[in-house]
Protein chains: 2
Amino acid sequence: MTSTSPLARRASAGRTASVKDVAVAAGVSLGTVSNVLNRPDRVSPATRARVEQAMKDLGFVRNESARQLRAGTSRMLGYVMLDATNPFFTDVAQGMETAAETAGLSLVLCNSRGREGREQHHLELLQQQRVQGLLITPVSPESDVLEALRDRGTPVVIVDRTRDDPSFCTVAVDDVLGGRLAIEHLVDRGHRRVAYIGGPPSLGQVRDRLEGARLAWRDAGLPDEDLLVISTEELVVAEGRRAGERLAGIASSKRPTAAFCANDLLALGLLQHAITAGLRVPHDLAIVGYDDIEFAGAAAVPLTSVRQPRQELGRAAAELVLAEATDPDHEHQQVLFTPELVARASTRA
Amino acid sequence: MTSTSPLARRASAGRTASVKDVAVAAGVSLGTVSNVLNRPDRVSPATRARVEQAMKDLGFVRNESARQLRAGTSRMLGYVMLDATNPFFTDVAQGMETAAETAGLSLVLCNSRGREGREQHHLELLQQQRVQGLLITPVSPESDVLEALRDRGTPVVIVDRTRDDPSFCTVAVDDVLGGRLAIEHLVDRGHRRVAYIGGPPSLGQVRDRLEGARLAWRDAGLPDEDLLVISTEELVVAEGRRAGERLAGIASSKRPTAAFCANDLLALGLLQHAITAGLRVPHDLAIVGYDDIEFAGAAAVPLTSVRQPRQELGRAAAELVLAEATDPDHEHQQVLFTPELVARASTRA
DNA sequence: TCCTCGGTTTGAAAGGTTTCAACTGGAAGG
DNA sequence: CCTTCCAGTTGAAACCTTTCAAACCGAGGA
């Protein structure tokens with residue numbers, strides 16, 4: 001009577017069918033239904049078929065709350081991201097999801113939008129859901145909220161941020177190395193006066209990339225004063241344009257022949273200004289960006305940029321939090337990924 | 001003895017404290033603890049204080065699974081998005097989250113990545129979680145999976161897609177109107193030969209925007225053959241460049257003086273090709289894009305584009321699914337938002 | 001003194017799943 | 001014919017919260 005099953009579904013719409021309903025319909029005990037779901041090999045084929053038919057007829061859907069309640073833990077990881085509209089973090093999340101999926105878990109995404117209050121709220125909710133592990137790019141990496149979580153027994157991994165305290169797993173990308181790569185590339189290309197454009201200095205990433213740049217500059221035996229530092233208010237396109245104006249104001253004999261920008265938005269803004277000002281890129285001004293966002297390669301002059309392994313970052317973080325969740329005497333690790341320079345036309349000889 | 005509370009927390013780390021533990025610690029019954037949580041006004045101040053202290057000491061965190069099990073429904077909405085790395089959908093999700101938040105619910109995001117299998121899987125999981133409502137930008141809007149969901153009693157709203165069947169709530173943006181706006185703008189600017197660039201035609205959005213373009217073109221009394229249609233394989237930057245090559249191959253007397261691209265990526269590719277080919281934008285070629293993505297305004301020549309009210313789209317969808325969840329005799333609605341043309345330098349006279 | 005009343009507090013039941021020890025019936029072995 | 005064994009099946013208990021009718025208690029009124 002397959003034709004009745006859609007009707008049955010609609011008729012029972014008042015309450016969703018439970019294992020008990022299925023058991024009654026199939027004429028077996030409730031334990032058997034559970035066995036069909038969880039250890040099908042222990043059930044005789046005939047019974048199994050009958051139960052499965054009953055489940056189909058009744059439109060049975062497992063109640064995850066009840067499972068979790070019984071199991072004491074959910075089948076989820078949570079990621080509190082800093083900004084869900086930033087492609088960097090969505091790529092990171094995608095990497096996490098891949099790892100979660102292979103472990104049979106799902107990933108719940110929350111968006112703090114950079115606000116501590118929202119972050120706190122989401123952490124609270126995730127804990128109430130008894131997630132197996134928490135991934136977070138915190139608004140303030142040193143906040144003691146994280147300690148409270150960990151002390152309560154929830155595995156926590158900090159993503160794309162570092163923290164002095166080695167009692168947390170952290171996963172980040174080596175920004176100092178990224179800065180080195182950019183400058184080494186420019187020095188290789190023969191540049192001897194270079195600008196570093198980035199800010200505000202309160203951002204760890206901005207500082208670290210500059211530090212790497214300085215180290216490479218010195219290693220090349222070049223004088224400090226020829227690495228010009230231009231500080232910006234924010235890492236946005238408009239500030240890149242403004243930096244271009246400042247560069248343009250420098251006498252051409254002293255003007256840097258290349259710029260290393262702390263992110264691609266600045267670099268795109270700078271590129272835009274250069275083009276409208278009639279400068280040829282890279283001939284008059286070479287440009288290196290950072291992040292290798294989607295539009296770096298699609299810019300008017302395709303942009304050389306430092307790429308971070310975003311998906312791997314996410315994958316590693318998820319694997320780490322899983323390790324912490326399963327292995328009781330897990331050692332906290334500080335994983336540092338290696339960025340990579342992608343050379344394109346904006347620095348071509 | 002506040003100093004012992006952190007110790008207590010760590011000591012009890014074996015199992016998270018439950019209401020029962022709190023009740024014992026505070027010397028009250030379990031029902032009273034629940035009252036403190038849910039109807040604090042019915043509890044005498046002294047008792048309440050005692051219970052709250054006990055909760056703090058034990059690091060009590062409500063078990064959401066148990067709550068849900070009891071309540072029969074979760075406090076979540078689910079959104080199965082088509083592509084979490086596409087800014088359009090993250091903005092839509094943000095709008096949804098706003099609406100969910102004001103209703104005291106959280107939004108669970110899932111990413112189908114355009115694959116039916118993943119979509120199906122996520123829908124299954126969300127149902128198991130007994131979400132109050134489902135929002136979805138389906139891989140195939142006509143798929144009968146959605147019917148199955150609805151018949152099982154879960155409110156469903158289709159987002160950014162339309163469906164002939166009026167038994168679903170849908171929320172979308174009027175692409176026909178968007179096409180009209182773009183062409184009317186170009187005709188206003190004096191263009192009498194225009195190219196429509198977009199594809200593949202299997203995408204509803206590509207078809208609808210072209211339809212709107214044609215309608216506006218005819219309304220202006222212009223001959224059909226002067227609206228040149230260039231079909232592309234995908235909506236990506238590279239295809240925009242290729243379209244540029246095709247335009248360049250047309251004798252200048254017959255060449256369109258403006259192009260309307262089905263999305264901004266195409267428009268950016270076209271712009272790039274135009275610049276490198278030495279065409280002046282907008283003087284030799286005016287360009288209109290679609291979507292108004294972040295980089296439209298930051299392009300070498302800032303791009304005129306048709307903007308969709310993304311956040312409002314998400315907010316409306318979430319409100320609709322909530323209405324359907326609470327109001328038993330809810331009428332399905334097809335909401336159509338109005339796009340808006342943002343004029344920038346790429347079409348300036 | 002007894003009763004009533006209001007504000008508090010209590011205890012049990014319910015909600016759906018999983019687990020596990022216990023049971024069943026039939027087949028194989030003695 | 002009795003025992004042993006085993007695959008298959010069963011039923012109760014546990015997970016934690018919320019709800020609700022019932023119990024409690026002290027005070028004020030009769």
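Every chain is numbered from 1, with letters handed out A, B, ... down the list of sequences.
dT9(C) atom P lies 12 Å from atom CG of D41(B), rounded to whole Å. Across the protein-nucleic acid pair, Q128(A) atom CD and dT17(D) atom P stand 10 Å apart, rounded to whole Å. We find that NZ of K20(B) is positioned 15 Å from P of dT10(C), with the value rounded to whole Å. Summarising the geometry, the separation between CZ on R50(B) and C1' on dT8(C) is reported as 12 Å, rounded to the nearest angstrom. Rounding to whole angstrom units, CG of residue D21(B) and P of dC15(D) are separated by 10 Å. Distance CE (M55(A)) to C1' (dT17(C)): 14 Å, rounded to an integer number of Å. Between the C1' atom of dT9(C) and the CG atom of L37(B) lies a distance of 15 Å, rounded to the nearest Å. Whole-Å rounding puts the N38(A) CG to dG16(C) P distance at 17 Å.
Comparing dT9(C), dT17(D), dT10(D) against the side chain of T47(B) picks out dT9(C) as the nearest. Closest to the side chain of V28(B), out of dT10(C), dT9(D), dT9(C), is dT10(C). Closest approach to the L30(B) side chain among dT18(D), dT19(C), dG16(C) is made by dT18(D) (side chain taken as heavy atoms from C-beta onward). Comparing dT18(D), dC16(D), dT9(D) by their nearest atom to the side chain of N63(B) picks out dC16(D). The side chain of V19(A) sits closest to dG16(C) out of dG16(C), dT17(D), dT19(D). Considering only the side chain of S44(A), dG8(D) comes nearest among dT9(C), dT18(D), dG8(D).
Put simply, S29(A) has no side-chain N or O that comes within less than 4.0 Å of OP1 or OP2 on dG11(D). Residue T32(B) has a polar side-chain atom (N or O) positioned under 4.0 Å from OP1 or OP2 of dT10(C).
Taking each heavy atom of V19(B) and F60(B) in turn, the nearest pair found is N-CE1, 3.6 Å.
Under the side chain to side chain donor-acceptor pair (under 3.5 Å) criterion, T326(B) pairs with no residue at all, not counting sequence neighbours. Applying the side chain to side chain donor-acceptor pair (under 3.5 Å) criterion to R62(B), with sequence neighbours excluded, gives N38(B). For the side chain to side chain donor-acceptor pair (under 3.5 Å) test, residues two or more places apart in sequence or in another chain that qualify with E116(B) are S140(B). With sequence neighbours excluded, the residues that form a side chain to side chain contact (heavy atoms under 4.5 Å, CB included) with R161(A) are L82(A), T137(A), P138(A), P141(A), I158(A), Q205(A).
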Look for any protein N or O under 3.5 Å of an N or O in nucleotides 20-27 of chain D and output each such pair with its distance, or none.
none

Please tabulate, for the side chains in residues 142-150 of chain B, all donor-acceptor contacts under 3.5 angstrom to protein atoms that are two or more places apart in sequence or on a different chain.
| unit_1 | atom_1 | unit_2 | atom_2 | d |
| --- | --- | --- | --- | --- |
| S143(B) | OG | V145(B) | N | 3.0 |
| E147(B) | OE2 | R163(B) | NH2 | 2.8 |
| R150(B) | NH1 | S167(B) | O | 3.3 |
| R150(B) | NH1 | S167(B) | OG | 2.4 |

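Heavy atoms from other residues, nucleotides or ligands lying under 6.0 Å from CZ of R75(A) number 12 at most.
The 5' end of DNA chain C is approached more closely, in terms of each residue's nearest nucleotide, by G27(B) than by the other of G27(B) and V33(A).
Near-neighbour residues of DNA chain D inside residues 64-73 of chain B, defined by a heavy atom below 4.0 Å, number-ordered: A66(B), R67(B), R70(B).
Using a 4.0 Å heavy-atom cutoff across all strands shown, V43(B) reaches sugar-phosphate atoms only and no base atom. S18(B) comes within 4.0 angstrom of sugar-phosphate atoms only, judged by non-hydrogen atoms across all strands, and of no base.
Listed by first then second residue, pairs satisfying salt bridge (charged side-chain N to carboxylate O under 4.0 Å, His left out) with a partner in residues 45-54 of chain A number zero, not counting sequence neighbours. Pairs of residues two or more places apart, or lying in two chains, that qualify as salt bridge (charged side-chain N to carboxylate O under 4.0 Å, His left out) and include a residue from residues 319-328 of chain A are R315(A)-E319(A).
No side-chain heavy atom of I136(A) sits under 4.5 Å from any side-chain heavy atom of V159(A).
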